[in-house]
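Remarks on the structure that follows.
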2 protein chains.
Amino acid sequence: MEARQPTLADRTLTQLQHAIIGGELRPGSKINEQEIATRFGVSRGPLREALQRLEQRRLIERIPHVGARVATLTEARLNDLYQVRAELESMACRLAAGRIKPEQLAQLHQLLDRQEAVFSSQPVTEFQDDIDFHYGIIQASGNQTLIATLTGDLYHQLQMYRYQCSSGRRPLEALAQHRAILAAIADGDGEMAALLMRRHIEAGARHTRQVLRQKMEESSG
Amino acid sequence: MEARQPTLADRTLTQLQHAIIGGELRPGSKINEQEIATRFGVSRGPLREALQRLEQRRLIERIPHVGARVATLTEARLNDLYQVRAELESMACRLAAGRIKPEQLAQLHQLLDRQEAVFSSQPVTEFQDDIDFHYGIIQASGNQTLIATLTGDLYHQLQMYRYQCSSGRRPLEALAQHRAILAAIADGDGEMAALLMRRHIEAGARHTRQVLRQKMEESSG
DNA sequence: TCACCTGAGATTGTAGACAATCGCCCGAAC
DNA sequence: GTTCGGGCGATTGTCTACAATCTCAGGTGA
């Protein structure tokens, strides 16, 4: 009922988004509708629908009668994004501490355990698991507006920055921080959880910012 | 350059949004693409584009192969919306206090003066002026992600609630609160401005919630 | 009586063609 | 030499028609 059976436009959106987040379509490059449509084997209708959603997610920028371009990675945008994210995710922690359900809590504990178990063997998994953890807490907040804002809008941009600026995200450190956050939530200490989450995200922002700077230096030099 | 010259889809979006926010298309009612397209004198292409944006703004809900419905007003959704709004707008105040430009500050003062001058003669103006005030502060925050989240997403929903649940919003009280908020920002006291804004929005939430309850009672009774 | 299946009608999703607009190149005038 | 204007090619916006899917009424069987 609720689950939307994927349409052609949905699949095209997923493909395009992966291509953008993964850097296959480089930031700033122009998107030719006919070309992309042909490449994906769809007509321009579904493709334009996908483009529109990507514009909403701020992964591309469109100008009427001119066209679409892949969004560029900027330090200023990164700062703005992480600043809002820190505010909203710490808010999510505060809410989650008061109303998280036992099964949600158990699932998050399980996630961290699994993350720890495979931590050294598969560094790739860590990336998705990290997102899953944050996603779980956001869901536990129970605030539908908050959930939609974070997972429906901000997270797509975030993934682009994280994917293109990732390199050894110190999973051990992040894991410890996740554990502390979850413990605070389990204790019902919303303020502590919120503060820990804010620090955790700020640390991530510093790291990503550093990598972005390096990347921009070597691309301009 | 930046200004997007309005296309047919843009105009259709504006019309449809006004019809939804104004209650002409009642909450929960189904939207027949062909019917609406014919009524607005456009084809289904641009209309579908408008529908998609309205879905992003959460003014309608769509299910593939089934159709679109106008979003319903719920007390739970109202609470969630105002909770996130309070968090983000108080954040905007904190930022604005540190980096608002003189001309922005002057413009906001001007706005409040004008609001006070015509306050008793035209109660209708107050509604738009109130939005303009909040809009100005959000802009002054300088955080593009914050601006986009608030004015691009949340505010459309907010307008729907406010328009359909407005009745004597005590403009005098709101005006005084606006003045206090602006004074704090002018003083560079971000924390004070943030707190005042939070209280101001919470007061608005209580008022709107009350009106919504009345409305739902008389519609179900 | 109720649950389930089935088919007609309606509605949405997709494709392809046409119209409108823009960017760019080139030539002319100062 | 530089700047302005016009026209051509390319790209985007829009329309119409067709295909895929859902809804709902009606009937059938337990």
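From a predicted model like this one, the values you see are computed outputs, not experimental measurements. Order of the sequence lines fixes the chain letters, A, B, ..., with proteins taken first and strands second; residue numbering starts at 1 for each chain.
- Remark: C1' of D/dC15 and CD of B/Q34 are 11 Å apart, rounded to the nearest angstrom.
- Using a 4.0 Å cut-off, no side-chain N or O of A/R69 falls inside it from OP1 or OP2 of D/dT11.
- OP1 and OP2 of D/dT11 both lie 4.0 Å or more from every side-chain N or O belonging to A/R62.
- In this structure, the side chains of B/L158 and B/Y82 come closer than 4.5 Å at one or more pairs of heavy atoms.
- Rounded to whole Å, the distance from CG on B/L8 to P on D/dG13 is 12 Å.
- Regarding A/H65, its NE2 atom lies at a distance of 8 Å from the C1' atom of C/dC22, rounded to whole Å.
- The shortest distance between the side-chain N/O atoms of A/R48 and the OP1/OP2 oxygens of D/dT12 is not below 4.0 Å.
- Of the candidate nucleotides D/dT14, C/dT11, C/dG23, C/dT11 has the atom nearest to the side chain of B/N32.
- Distance B/E49 CD to D/dG13 P: 7 Å, rounded to the nearest Å.
- Within the 4.5 Å cutoff, the side chain of B/I21 has no heavy atoms near those of the B/R162 side chain.
- Of the listed residues (B/R198, B/H134, B/H200), just one forms a side-chain hydrogen bond (donor to acceptor under 3.5 Å, both in side chains) with B/E89, and that residue is B/H134.
- Per the geometry, CD1 belonging to B/I63 stands 16 Å off P belonging to C/dT11, to the nearest Å.
- Counting any heavy atom pair closer than 4.0 Å across all strands shown, B/L51 reaches no nucleic acid atom.
- The residues B/E35 and B/R39 are annotated as salt-bridged, a charged nitrogen and a carboxylate oxygen being separated by less than 4.0 angstrom.
- For C/dT12, neither phosphate oxygen OP1 nor OP2 lies less than 4.0 angstrom from any side-chain nitrogen or oxygen of A/T7.
- Taking atom CD1 on B/I31 and atom P on C/dG13, their separation rounds to 13 Å, with Å as the unit.
- B/Q52 has its CD atom 15 Å from the P atom of C/dT12, to the nearest Å.
- In the set C/dG13, D/dC22, C/dT14, C/dT14 carries the atom at the smallest distance from any side-chain atom of A/P46.
- For D/dC22, neither phosphate oxygen OP1 nor OP2 lies less than 4.0 angstrom from any side-chain nitrogen or oxygen of B/K30.
- In this structure, B/L47 reaches neither bases nor backbone, as no heavy-atom distance under 4.0 Å exists between it and the strands shown.
- Checking side-chain atoms of B/T151 against main-chain N and O of B/I147 turns up a donor-acceptor pair under 3.5 Å.
- The listed nucleotides are C/dT11, C/dT21, C/dG13; the one nearest the side chain of B/R44 is C/dG13.
- Going from atom CD of A/E33 over to atom P of D/dT14 covers 11 Å, rounded to whole Å.
- With the nearest nucleotide of DNA chain C identified for both B/A68 and A/G45, B/A68 has the one nearer the 5' end.
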